[in-house]
Amino acid sequence: VCHQFRIASISKTFTAAMIMKYVEQGQLSLSQTIKELLPQISSEIKYADKMTLNHLLNHTSGIYSLGMGNTKLSLWVANSPEKFEKYDPY
């Protein structure tokens, strides 16, 4: 039996802890850009050449969060990305 439940922000802590472990081991750097880390999809991410791992971990990347519990907004953005205006922190 498969059970689905919302994990919401719980996984953020575990993800951040694992990233910091990689930083500690020298496998990642907080100053690495998204373009360096994900070159295959960086062309799809605005400011991937300026946005760092540190920005992502501190929630200061400017990437809009859809986890606000607003299903209607989430579906609209997912289905109409060309109409969605992103916050421009740069």
Side-chain angles (χ1 to χ4, degrees):
V1 175
C2 179
H3 299 283
Q4 288 185 325
F5 56 93
R6 292 190 59 194
I7 60 171
S9 295
I10 295 171
S11 64
K12 290 178 187 175
T13 304
F14 298 108
T15 302
M18 185 54 68
I19 289 171
M20 292 308 295
K21 193 71 171 166
Y22 283 123
V23 169
E24 188 178 82
Q25 294 172 356
Q27 295 177 14
L28 287 174
S29 168
L30 292 177
S31 63
Q32 283 181 281
T33 65
I34 301 308
K35 185 175 183 176
E36 294 169 340
L37 294 167
L38 302 169
Q40 63 277 23
I41 64 165
S42 65
S43 63
E44 303 295 323
I45 303 170
K46 192 173 183 180
Y47 302 115
D49 59 328
K50 297 177 181 159
M51 193 183 309
T52 65
L53 193 52
N54 189 50
H55 289 128
L56 292 172
L57 288 173
N58 286 302
H59 306 280
T60 57
S61 66
I63 295 177
Y64 188 77
S65 171
L66 296 178
M68 301 178 302
N70 188 333
T71 306
K72 189 173 183 178
L73 174 63
S74 298
L75 288 172
W76 178 76
V77 171
N79 293 317
S80 307
E82 70 282 353
K83 295 178 184 175
F84 186 68
E85 293 181 29
K86 293 182 182 177
Y87 169 65
D88 183 352
Y90 305 98

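Just so you know, residue 1 is the first one in the sequence shown, and it goes up from there.
- Every residue two or more places apart in sequence or in another chain that forms a side chain to side chain contact (heavy atoms under 4.5 Å, CB included) with N54 is listed here: L30, T52, N58.
- Listed by first then second residue, pairs satisfying salt bridge (charged side-chain N to carboxylate O under 4.0 Å, His left out) with a partner in residues 27-41 number zero, not counting sequence neighbours.
- In this structure, CG in L56 is found 8.5 Å from CG in L37, a value given to the nearest 0.5 Å.
- Residues D49 and T33 come closest through the heavy atom pair O-CG2, 3.2 Å.
- Within the 4.5 Å cutoff, the side chain of I34 has no heavy atoms near those of the H55 side chain.
- For the atom pair NZ (K12) and CD1 (I19), the distance works out to 12.5 Å, reported to the nearest 0.5 Å.
- Q27 pairs by the side chain to side chain contact (heavy atoms under 4.5 Å, CB included) definition with Y22, Q25, not counting sequence neighbours.
- Here E24 pairs with K21 under the side-chain hydrogen bond (donor to acceptor under 3.5 Å, both in side chains) rule; sequence neighbours left out.
- A search for side-chain hydrogen bond (donor to acceptor under 3.5 Å, both in side chains) contacts involving S29 returns S31, not counting sequence neighbours.
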